[in-house]
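Structure, as structure tokens:
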Amino acid sequence: MFSRQCSRLVSSRTAVPLTSYLARVRPYSSATSGYEHILTSAPKPGVGLITLNRPKALNALSSSLFREINDALSKYDKDKEIGAIVITGSEKAFAAGADIKEMAPLTFSSAYTNNFIAPWSHLANNVRKPVIAAVSGYALGGGCELALMCDIIYCTANATFGQPEIKLGVIPGAGGSQRLTRAVGKSKAMELILTGKNFSGKEAGEWGVAAKVVDGGKEELLEEALKTAETIAGYSQVAVLACKEVVDKSQELSLREGVEYERRLFHGLFGSKDQKIGMTAFAEKKKPEWSNE
């Protein structure tokens, strides 16, 4: 939820040319053509891509931007042809933070009664398909929180993460204090949030915040994220949804409760067509042809 610091660190010339990958992808559907702040496409089989596209604001997160993100996520989540989703930004900024101009005039009563930024949690609370964040450049405040909401984070070594809300006299408001603590532990999260210090993509990988740190720039990063998304999309969607669900439950339940929950869902998958397809194909040394049922 912080973009002013990033704005001081980069020049005002923030218009970023579209990288060559955008020229190669097809539009997801005509229904997405009306977006103002994001680009959507399906660059690989079964993969939906959302690219934040507010270059002049370093992809600062606003309510209008999140409405578009949530709409695109909902469409991909319902689309039977899509098995995994990737969210990315520009070379300079995944998302530099929340839009300070939108937040500055708010009062307690207006923020509280309108449940300000609650819709930002749609990704974490309602999207069932796996979502990968491909982070290059700045992911500060709300940008860091958006990445942490995703199921997997890939980043470049020189990406910059942080929760610097303390410098604005507030705290993380979109789950940063909770998800960052789960990722790095109480002591490190406390240090980062209380000091407002940033951390690099290299550190994100070392601390377990990111699953992979990619050498190179934005295009190499995106290619790695899309490759993983394509792999996930190539499996049974029934099993993929179940895998995501049980891992998410591990963050909420005790070990014993989590294992019992996992076992029940494991048992349930024996009622799916894909369990029979997968195990039969394995026994016959064939490639499974998933029905997603």
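Quick caveat, the model's predicted, so the values are computed rather than measured.
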Practice item. Of all the heavy-atom pairs spanning Pro43 and Val47, show the shortest one and how long it is. Key: CD-O, 3.7 Å
Practice item. Identify whether Ile152 and Tyr235 are in the same connected component of the hydrophobic contact network (ILVMFWY, side-chain heavy atoms under 4.5 Å). Key: yes
Check your understanding: Taking atom types as modelled, is there a side-chain donor on Ser64 or Glu36 under 3.5 Å from an acceptor on the other?
Key -> no
Review point. Looking only at side chains, do Tyr35 and Asp71 share a donor and an acceptor under 3.5 Å apart?
Key: yes
Check your understanding: Does some side-chain heavy atom of Val127 sit less than 4.5 Å from a side-chain heavy atom of Asn70?
Key -> no
Revision key, fill the gap. dist Ser177:OG -> Lys186:NZ (nearest 0.5 Å) comes out at 12.5 Å
Check your understanding: How are the rings of Phe199 and Phe161 set to each other: parallel, tilted or perpendicular (split at 30° and 60°)?
Key -> parallel
Practice item. Mark yes or no for whether Gln251, through its side chain, and Asp248, through its backbone, hold a donor-acceptor pair below 3.5 Å. Key: no
Practice item. Find the distance between CD (Glu262) and CD (Glu245) and round it off to the nearest 0.5 Å. Key: 11.5 Å
Revision key, fill the gap. Taking every heavy atom of Val135 against every heavy atom of Ala147, the minimum-distance pair comes out as CG2-CB, 4.0 Å
Practice item. Test Leu65 against Asp99 for side chain to side chain contact (heavy atoms under 4.5 Å, CB included), laying out the working first. Key: CA-CA 10 Å; Leu65 172 59; Asp99 194 326; over 6 Å; no
Review point. Is there side-chain contact between Ile193 and Ile171, with at least one heavy-atom pair below 4.5 Å?
Key: no
Exercise for review: Can you see which heavy atom on Ala157 is nearest to which on Ser200, and at what distance?
Suggested key: O-CB, 4.0 Å
Check your understanding: Just by modelled atom types, is the Ser62 backbone N or O under 3.5 Å from a matching donor or acceptor in the Glu102 side chain?
Key -> no
**Study point:** For Val214, the option from Glu219, Glu223, Glu224 that meets side chain to side chain contact (heavy atoms under 4.5 Å, CB included)
**Key:** Glu224
Check your understanding: Is there a donor-acceptor pair closer than 3.5 Å between any side-chain N or O of Glu145 and the backbone N or O of Gly176?
Key -> yes
Check your understanding: Counting distance only, does the side-chain N/O of Thr181 pair as donor-acceptor with the main-chain N or O of Ala189 below 3.5 Å?
Key -> no
Exercise for review: On the 0 to 90° scale, with breaks at 30° and 60°, tag the Phe108-Tyr112 ring pair as parallel, tilted or perpendicular.
Suggested key: parallel
Practice item. For Lys286 and Thr280, indicate whether the former's side chain and the latter's backbone hold a donor-acceptor pair under 3.5 Å. Key: no
Practice item. Check whether any side-chain heavy atom of Ile69 sits under 4.5 Å from a side-chain heavy atom of Leu52, and report yes or no. Key: yes
Practice item. Report the residue from Thr113, Thr107, Asn114 that forms a side chain to side chain donor-acceptor pair (under 3.5 Å) with Ser110. Key: Thr107
Review point. Which pair of non-hydrogen atoms, one from Ala139 and one from Cys144, has the smallest distance, and what is that distance?
Key: O-CB, 3.2 Å
Exercise for review: List in chain and number order the residues that pass salt bridge (Lys or Arg N to Asp or Glu O under 4.0 Å) with Asp77, two or more places apart in sequence or in another chain; answer none if no residue qualifies.
Suggested key: none
Practice item. Would you name the heavy atoms of Asn59 and Ala93 that are closest together and state the gap between them? Key: ND2-O, 2.9 Å
Check your understanding: Would Gln275 and Ser272 count as having a side-chain donor-acceptor pair, cut-off 3.5 Å?
Key -> no
Check your understanding: Is a side-chain donor or acceptor of Glu293 paired with a backbone partner of Lys273 at a separation under 3.5 angstrom?
Key -> no
Exercise for review: Please determine if Lys227 and Glu230 form a salt bridge, counting it only when a charged side-chain N lies under 4.0 Å from a carboxylate O.
Suggested key: no
Practice item. Compare all side-chain heavy atoms of Leu140 with those of Thr160 and state whether any distance is below 4.5 angstrom. Key: yes
**Study point:** Atom NZ of Lys276 with >12 non-hydrogen neighbours under 6.0 angstrom
**Key:** yes
**Study point:** Note, Leu148 side chain near Gln163 side chain (heavy atom, < 4.5 Å)
**Key:** yes
Practice item. Measure the CD1-CG distance between Ile38 and Asn53 for me, rounded to the nearest 0.5 Å. Key: 9.5 Å
Review point. Is there a donor-acceptor contact under 3.5 Å from the side chain of Lys244 to the main chain of Lys129?
Key: yes
Exercise for review: Mind listing the closest non-hydrogen atom pair of Ser90 and Lys218 along with its distance?
Suggested key: CA-NZ, 4.0 Å
Point to revise | Distance (rounded to the nearest 0.5 Å) between Lys188 NZ and Glu191 CD | key: 4.0 Å
Point to revise | Any side-chain heavy-atom pair of Cys150 and Leu123 under 4.5 Å | key: yes
Practice item. Evaluate the side-chain proximity of Ile166 to Thr195: yes if any heavy-atom separation is below 4.5 Å, no if none is. Key: no
Exercise for review: Using the rule that two of Ile, Leu, Val, Met, Phe, Trp, Tyr join whenever any of their side-chain heavy atoms come within less than 4.5 Å, decide whether Val170 and Trp120 are in one cluster.
Suggested key: yes
Point to revise | Arg54 side chain vs His37 backbone, donor-acceptor pair below 3.5 Å | key: no
Point to revise | Check against salt bridge (charged side-chain N to carboxylate O under 4.0 Å, His left out), Glu206 and Lys202 | key: CA-CA 6 Å; Glu206 292 171 349; Lys202 182 176 181 294; 2.6 Å; yes
Practice item. Give, for atom CG of Leu221 and atom CG of Asp215, the distance between the pair rounded to the nearest 0.5 Å. Key: 11.0 Å
**Study point:** Single-linkage hydrophobic cluster, 4.5 Å side-chain cutoff, Leu269 and Val246 together
**Key:** no
Practice item. Supply the atom-to-atom distance Asp151 CG to Cys243 SG, rounded to the nearest 0.5 angstrom. Key: 11.5 Å
Review point. Is Leu222 close to Val86 at the side-chain level, that is, under 4.5 Å between some pair of heavy atoms?
Key: yes
Check your understanding: Would you say Gln178's side chain and Gly175's backbone share a donor-acceptor pair under 3.5 angstrom?
Key -> no
Check your understanding: When hydrophobic residues are tied together by side-chain contacts of less than 4.5 Å, even through go-betweens, does Phe116 share a cluster with Phe66?
Key -> yes
Review point. Counting only heavy atoms not in Glu81, do more than 12 fall under 6.0 Å of its CD?
Key: no
Check your understanding: Charged N to carboxylate O under 4.0 angstrom, Glu260 versus Arg256?
Key -> yes
Check your understanding: So, Asn292 side chain and Gln237 main chain: donor-acceptor pair closer than 3.5 Å or not?
Key -> yes
Check your understanding: Is there a path of hydrophobic side-chain contacts, each under 4.5 Å between heavy atoms of I, L, V, M, F, W or Y residues, that connects Phe94 with Leu73?
Key -> yes
